[in-house]
Amino acid sequence: MSEVLVCLKDIHFAYNRELVLEDIDLHIERGSYLGLLGPNGSGKSTLLKIILGLIKPQKGEVELFGQPQNKFKDHFKIGYVPQKATQIQSQFPISVEEVISLTAVSKKAAHQALTKVGMYSHRTRLITELSGGEQQRVFIAKALAASPEILLLDEPTVGIDNESQKDFYSLLRELNKEGLTIVIVSHDTEDIIKEVSRVVCVNRRLVCHVSPKEFIEGHFQDELYGDDRKKIIHHHSHA
Amino acid sequence: MSCTATIGKKLFIITVMLDIFNYSFMVRAFAAGLVIGTIAPLIGTFLVARRFSLIADTLGHVSLAGIALGLLLHVNPIITAMMASILIALVVDKIRQNKIVSGESALAMLLSGGLALAIVLVGLARGFNVDLFSYLFGSITTIRSEDLMIILPVGIAVAITILVFYKQLLYISFDEDGARVSGVNVNALNMMLMILTAITVSLSIRIIGSLLIGALLVIPVTSASQISRNFKQSIILSIIFSLVSVTIGLFISFYANLPAGGTVVLISLVIFIFSYLFRILKLA
């Protein structure tokens, strides 16, 4: 069995008393390429934020690289790519090179990361001048510049054209082959299941943690995106 | 002959212009102006990047209450202005963190509250034996040596602190969540930025005035962002624009006998128009 990088035990989380996540148990192993799927409002981005330590669950434990989250100090091991393309201020005067320098330990590491994602020639441009797909590549380079062991991406392809999405997934595939553990949050099930090695479905509870083949054969997609949310939870509780 | 006359005329103008420095109050005004003209856009760059520009105006109004309190208690008004604005800056930071009310509403309330408190304090003292107008709109004649003894070292300390924490401040301004994931102490840095803003605003009140200080933190930064190609360049350009505004503004204030705050801010607006036109022409 591979080393467990992220371990969630009995996670419960509520926003203003409304339960968003309950009874979540999840292990993410080194080298895996995991798609975290679920409909809008299912709690998948909340779960990602809990792993990242951006929000604290009301109940449950989070372990990162075998350590309780509050004692974990090797932050460089975790790379994060936010859903940024539509959120960057149009007047923020920051160059691509400056974005990478936020995490890079050296200029060499910054240039290597930019070369890896094919953005080295864009290094002196303003980030606001780039397309959505190019901006996401820069965010991946920013994460890679710190040499992470796990990369977590929150809806990274939102607002990006189809061609750029293909290039983006191709890059992630290559990084995973090189040994990087990847967790990608998405509601775009069709594209994701072609890419990942494991599928985790969340709809307040953990609906499934299966291979893409099992996901398709088990008709989880119909259940996950059907209107009957209770049916999904019912299915899980009897699984 | 005409060439000699031209040189003579130029020398005469330069002599008249330099004559300004024969007045010790103008030397003090320029010394304070150079410090403020440097730290205001330095702080302002991060505030504008974080869409938090209104904090400067709010703290400017709160500083006025601090000034009134200082005059009432016969304490150096810069010190009481600094204490009042630091206190309110920490309150704003807490409100922002806890999301008690929206950040914008909180700033609007505190802005009005600060001005209201200042008016009440003035009323309590039945008016002061100083020109309150100078604190509202800035004055070149009011800077005393003891003020300079506060403005110079504190201003330099503010600039050094910003330079030391430059990378972390840039990180939290650009991507706060990303900074948290990378282990940056975002809450502590936010608090530090608030305190530095409060200090900068209270130091600037003598020259620029409480009603116009927000402009010096924002306009040069906005002008610089029109033409800069990276964040570092944006900071350097905003400082240059700010120093040019302060220098020309003080000259005009002296020779035309006008409030310094108004002249400085108007010059910075002219620079903004030029930088905006430059950008438009470049894009065309």
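Remember, predicted model here, so these are calculated numbers, not experimental data. Note on naming: letters A, B, ... go to the chains in the order of the sequence lines (proteins, then strands), and numbering restarts at 1 for each one. Side chains included, hydrogens not; waters and symmetry mates left out as well; all remaining heavy atoms used.
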What side-chain donor-acceptor pairs closer than 3.5 Å can you find for residues 62-70 of chain A, not counting sequence neighbours?
unit_1  : atom_1 : unit_2  : atom_2 : d
A:Gln69 : NE2    : A:Ile50 : O      : 2.9
A:Gln69 : NE2    : A:Ile51 : O      : 2.9

Heavy-atom distance under 4.5 Å to chain B: side chain of [X], backbone, both or neither?
X: A:Lys142; value: side chain
X: A:Ile127; value: side chain
X: A:Glu129; value: side chain

Sorted by first residue and then second, give each side chain to side chain donor-acceptor pair (under 3.5 Å) pair with at least one member in residues 234-248 of chain B; sequence neighbours left out. none
Are any side-chain N or O atoms of [X] and backbone N or O atoms of [Y], one a donor and one an acceptor, separated by less than 3.5 Å?
X: A:Glu98; Y: A:Ser95; value: yes
X: B:Ser85; Y: B:Ala198; value: yes
X: A:Arg137; Y: A:Ala141; value: no

Angle between ring planes, A:Tyr120 versus A:His111, binned at 30° and 60°: parallel, tilted or perpendicular?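 Ring orientation, 0 to 90° scale: perpendicular.
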Residues in residues 52-61 of chain A near chain B [non-hydrogen atoms, under 4.5 Å]: A:Leu52, A:Leu54
Which residue pairs pass the ring-ring contact (aromatic ring centres under 6.0 Å, His included) test with at least one member in residues 178-232 of chain B, sequence neighbours excluded?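 Qualifying pairs, neighbours excluded: A:Phe92-B:Phe231, B:Phe46-B:Phe231.
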Report the option among B:Ser228, B:Ala49, B:Ser225 that has the most heavy-atom pairs separated by less than 4.5 Å from atoms of chain A. B:Ala49
What residue, out of B:Asp177, B:Val186, B:Thr222, B:Val181, has the most heavy-atom pairs lying under 4.5 Å from chain A?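 That would be B:Val181.
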Salt bridge present between A:Arg30 and A:Glu149 (N-O < 4.0 angstrom):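 Yes, this pair counts.
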